[in-house]
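The next block holds one structure in the form of structure tokens; read it before the comments.
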Amino acid sequence: MQTYEITVLKGDGIGPEIVDQAVKVLDKAGEKFGFSLHYTRAYLGGEAIDEKGCPLPEETVAACKAADAVLLGAVGGPKWDSLSGDQRPEAGLLGIRGALGLFANLRPAVIFEPLKEASPIKAEIIGDALDILVVRELTGGIYFGQRGRETVDGVESAYDTERYSVPEIERIARVGFSMAQKRGKKLCSVDKANVLESSRLWRATVTRVAQEYPDVELSHMYVDNCAMQLVRNPKQFDVILTSNIFGDILSDEASMISGSIGMLASASLGENQFGLYEPIHGSAPDIAGTGLANPLATILSAGMMLKYTLGQPEAAQAVEDAVSKALTQARTPDIYREGGAQKKVTCEEMGDLVCSLL
Ligand code: NAD
């Protein structure tokens with residue numbers, strides 16, 4: 001039987017409770033689909049500061065590198081807020097992404113049928129359901145380009161540089177196309193090629209890489225138009241491929257159409273499909289240990305792991321279907337609606353329900 005090595009970083013606040021639910025669901029999926037998972041626990045963030053004296057211990061990096069994939073809860077909390085920048089839990093988060101060479105960020109924007117009413121988008125625009133994947137380049141572009149300030153004739157100015165090399169574009173484009181192959185086989189590359197030279201290189205390179213993926217339909221769109229189309233007609237999109245800065249903005253816009261922070265999953269991928277999977281939200285210290293946390297973003301992140309790193313698409317689909325069914329029966333308090341047909345449940349009860357529906 002195939003066994004996958006998973007490094008688990010529970011982190012702080014609600015991290016341990018939500019990760020426990022996702023691990024339960026992964027195990028149930030393995031039982032059902034004939035594979036097993038072996039977990040190695042490592043420390044990150046505040047728990048690592050308490051246990052090991054720094055937010056990203058070397059053994060955590062080593063454990064992650066040795067694994068097929070990493071499952072992360074969230075880090076941070078008031079206990080560590082007085083520490084200086086590089087000593088804070090969040091420094092561990094940035095550090096681990098860098099140490100693992102994670103250059104592709106995947107953020108699905110999904111509206112599950114039973115949660116349609118929570119979306120700010122009108123029901124007639126959403127239709128039955130909505131499922132978009134934003135693939136964002138994570139380690140290049142203007143956030144990492146040359147920057148500076150200068151004063152000429154007493155006037156101060158500042159600049160940042162958007163710079164992409166062909167290999168950087170090719171590598172993220174291949175991630176985008178291979179994601180599209182596993183989904184609806186449509187990829188929309190978003191740029192600003194009418195103005196920016198870096199976007200013209202982006203567009204030419206993506207067009208060339210498309211020849212390796214004849215089964216995927218490629219289109220191009222300017223970023224300003226894409227921002228508009230995401231709310232006007234989001235159903236036209238399957239995979240959106242874009243640069244670091246455009247992806248930062250568009251993935252936030254796209255994820256908000258799902259209407260609840262407790263439902264938003266994400267993945268960051270490196271070479272060879274290696275990935276770190278985590279919910280978008282933080283460690284929610286205000287509700288930690290109360291049973292109020294919604295574990296579905298973490299469970300859906302585990303579902304993405306099955307699909308994009310472990311090569312278990314049927315198990316991934318089963319997890320998504322179980323989540324959708326669970327939403328018709330029960331809700332954690334963040335998505336509960338008074339007078340609705342669903343009962344209010346705790347974090348653990350939601351995890352158990354998803355397992356029972358798998
Ligand atoms: P947060 O996402 O933790 O919480 C924002 C609000 O959403 C809170 O009211 C919280 O109770 C609620 N919420 C979040 N996740 C929820 C869930 N699964 N179920 C139900 N409700 C949920 O953001 P914040 O309050 O700004 O930050 C808290 C801590 O988390 C800070 O230390 C911050 O630095 C850290 N943080 C970590 C990450 C990460 O680990 N990736 C991301 C963002 C923030």
Side-chain angles (χ1 to χ4, degrees), residues 7-23 25 42-50 55-56 60 64 70-100 102 105-107 110 112 115 118 136 138 248 251-252 255-256 258-268 275-304 323 326-327 330-337 342 344-351 353-354:
T7 292
V8 175
L9 308 171
K10 293 189 178 183
D12 312 315
I14 61 171
E17 31 194 314
I18 54 177
V19 167
D20 285 349
Q21 307 317 308
V23 165
V25 172
Y43 295 98
L44 183 78
E47 56 160 12
I49 295 170
D50 291 352
L56 179 57
T60 294
C64 291
V70 180
L71 181 65
L72 166 65
V75 302
K79 182 176 174 192
W80 305 280
D81 273 353
S82 57
L83 295 171
S84 68
D86 59 343
Q87 292 306 312
R88 288 170 63 97
E90 294 80 357
L93 200 59
L94 294 179
I96 192 74
R97 289 177 183 148
L100 298 177
L102 305 172
N105 186 230
L106 271 49
R107 296 247 308 241
V110 178
F112 290 95
L115 266 191
R136 165 191 172 194
L138 206 54
D248 189 6
S251 62
D252 265 19
S255 62
M256 274 328 290
S258 86
S260 170
I261 192 165
M263 297 294 302
L264 300 172
S266 84
S268 300
L276 179 146
Y277 295 82
E278 58 178 322
I280 298 285
H281 59 72
S283 58
D286 52 332
I287 56 168
T290 61
L292 296 175
N294 182 347
L296 293 178
T298 318
I299 291 172
L300 290 167
S301 302
M304 290 180 78
V323 166
L327 288 167
R331 304 276 169 95
T332 44
D334 57 314
I335 48 174
Y336 177 75
R337 215 165 32 109
Q342 302 80 15
K344 202 192 272 184
V345 293
T346 64
C347 180
E348 195 178 349
E349 286 166 344
M350 183 56 102
L353 179 61
V354 174

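Just so you know, these numbers use all the heavy atoms, side chains as well, and skip hydrogens, waters and symmetry mates. Just so you know, ligand 1 is whichever comes first in the structure, and atom 1 is the first atom listed for that ligand.
The shortest side-chain heavy-atom distance between Ser268 and Leu138 falls under the 4.5 Å cut-off. The side-chain heavy atoms of Leu93 and Leu44, taken from C-beta on, include a pair separated by under 4.5 Å. Between Leu300 and Phe112, the closest side-chain pair of non-hydrogen atoms falls below 4.5 Å.
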Side chains of residues 10-17: which donor-acceptor pairs under 3.5 Å do they make with residues two or more places apart or in other chains?
from  : atom 1 : to     : atom 2 : distance (Å)
Lys10 : NZ     : Asp20  : OD1    : 2.8
Asp12 : OD1    : Gly46  : N      : 3.4
Asp12 : OD1    : Glu47  : N      : 2.8
Asp12 : OD2    : Gly46  : N      : 2.8
Asp12 : OD2    : Gly76  : N      : 2.8
Glu17 : OE2    : Gly289 : N      : 2.7

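Checked options Leu276, Leu9, Val19; the residue passing with Leu71 is Val19 (criterion: side-chain contact (heavy atoms from CB on, under 4.5 Å)).
For atom 9 (O) of ligand 1, the nearest protein heavy atom (residue, atom name, distance) is Asp286 OD2, 3.0 Å. For atom 1 (P) of ligand 1, the nearest protein heavy atom (residue, atom name, distance) is Gly282 N, 3.5 Å.
The contact set between ligand 1 and Asp334, taken as ligand atoms under 4.0 Å from a residue heavy atom, comprises 20 (C). For ligand 1, the atoms closer than 4.0 angstrom to any heavy atom of Ala74 are 40 (O). The distance from ligand 1 to the heavy atoms of Glu278 drops below 4.0 Å at these ligand atoms: 41 (N). For ligand 1, the atoms sitting less than 4.0 Å from at least one non-hydrogen atom of Ala293 are 19 (N), numbered in the order shown with element in parentheses.
Considering Gly262, Ala284, Pro295 only, the shortest heavy-atom separation from atom 4 (O) of ligand 1 involves Ala284. The residue among Leu9, Ile261, Val75 with a heavy atom at the shortest distance from atom 40 (O) of ligand 1 is Val75. Of the listed residues (Glu17, Arg97, Glu90, Met350), the one carrying the non-hydrogen atom nearest atom 33 (C) of ligand 1 is Glu90.
Taking only nitrogen or oxygen atoms, main chain and side chain alike, Asp81 does not reach within less than 3.5 Å of ligand 1.
Contact annotation for atom 6 (C) of ligand 1: protein absent (non-hydrogen atoms, distance under 4.0 Å). There is a protein heavy atom less than 4.0 angstrom from atom 19 (N) of ligand 1. Remark: atom 28 (C) of ligand 1 lies closer than 4.0 Å to at least one protein heavy atom.
In this structure, CZ in Arg136 is found 7.5 Å from CZ in Arg107, a value given to the nearest 0.5 Å.
Thr298 places no side-chain N or O within 3.5 Å of a backbone atom of Pro279 that could act as its donor or acceptor partner. Looking only at distances, no side-chain donor or acceptor of Gln87 sits under 3.5 Å from a matching main-chain atom of Ser84.
Arg88 is linked by a side-chain contact (heavy atoms from CB on, under 4.5 Å) to Asp81, Leu83, Glu90, counting only residues two or more places apart in sequence or in another chain.
Not a single heavy atom of Ala297 sits closer than 4.0 Å to an atom of ligand 1.
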